[in-house]
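As the structure is a computational prediction, the values presented were derived from the model and not from experiment. Just so we're on the same page: letters track the sequence lines, and every chain starts at 1.
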Amino acid sequence: AQKITQTQPGMFVQEKEAVTLDCTYDTSDPSYGLFWYKQPSSGEMIFLIYQGSYDQQNATEGRYSLNFQKARKSANLVISASQLGDSAMYFCAMREYNAGNNRKLIWGLGTSLAVNP
Amino acid sequence: NAGVTQTPKFQVLKTGQSMTLQCAQDMNHEYMSWYRQDPGMGLRLIHYSVGAGITDQGEVPNGYNVSRSTTEDFPLRLLSAAPSQTSVYFCASSVTGAFRYGYTFGSGTRLTVV
């Protein structure tokens, strides 16, 4: 069963507008972390933001915020004031902290975001 | 600070050839790992290491070997390349407990096996 679901294969947003990228997850581990990564066309993986399952507040990092709804098992990424450089693939990933020593990240299939001028 | 350095960036191999993908980090991270990225499959863990001298298998280890003789280096060896190993390979590292800093990824190696 897929543990990370990103239902939007592609998204478009106008420059300077906000955009929400969806991520839902499935786990029975009470202790987990959720990550968002950006992969531009150049190919590297850039860490954006982290949310722990016990964090009381939604994570924020500059223009990135994470809308964490634990009961709904969703961890949506919000990008405010989109810029042309935000055009990229965005991946949601999860680590289950009681799943053993491998510290594996479980990945969604990504959302391709295009920012229009 | 160089972070995680992967070499080469691109490689074409013939079926049956062997090669080593290099990964080095200068952040003193004890954890290092290799992922492969395939369309429609996401990223999958190949092998990982929690410290020098300690390695273990991930989800898709077949056809790959690793070793960790130093904290800094974690090479991935393809023993006998197959077309199914055509993929983009990422090395990633992290430090214990500092989850908020995420995993640091290298820039990737795009491997084609013909």
Considering all heavy atoms, the nearest A:Glu44-B:Phe90 contact: CA-CE2, 4.4 Å
Distance (rounded to the nearest 0.5 Å) between B:Leu43 CG and A:Tyr37 OH: 10.0 Å
Options B:Glu59, B:Met41, B:Gln6, B:His47, ranked by heavy-atom pairs under 4.5 Å with chain A, top entry: B:Glu59
A:Tyr50 reachable from A:Tyr54 in the ILVMFWY side-chain graph, under 4.5 Å edges: no
Student check: side-chain heavy atoms of B:Arg44 and A:Lys104 closer than 4.5 Å: no
More than 12 heavy atoms of other groups within 6.0 Å of A:Phe12 CZ: no
Under 3.5 Å: donor-acceptor pair, side chain of B:Tyr35, backbone of A:Leu105: yes
Linked, directly or transitively: B:Val88 and B:Val114 (ILVMFWY side chains, under 4.5 Å): no
Verify same cluster id: B:Phe105, B:Phe10 (apolar side-chain graph, 4.5 Å): no
Hphob cluster co-occupancy, B:Met19 + B:Tyr64, side-chain heavy atoms under 4.5 angstrom: yes
4.5 Å side-chain heavy-atom contact, A:Phe35 and B:Tyr103: yes
Test item: B:Ser33 and A:Arg103 side chains (from C-beta on) under 4.5 Å apart, heavy atoms: no
Approximate separation, where rounding is to 0.5 Å, of B:Leu45 CG and A:Ile106 CD1: 10.5 Å
Cluster overlap B:Val4 with B:Val66, hydrophobic side-chain contacts below 4.5 Å: no
Most chain B-contacting option - heavy-atom pairs closer than 4.5 Å, from A:Glu61, A:Gln51, A:Arg95: A:Arg95
Heavy atoms from other residues, nucleotides or ligands near NZ of A:Lys16 exceed 12 (cutoff 6.0 Å): no
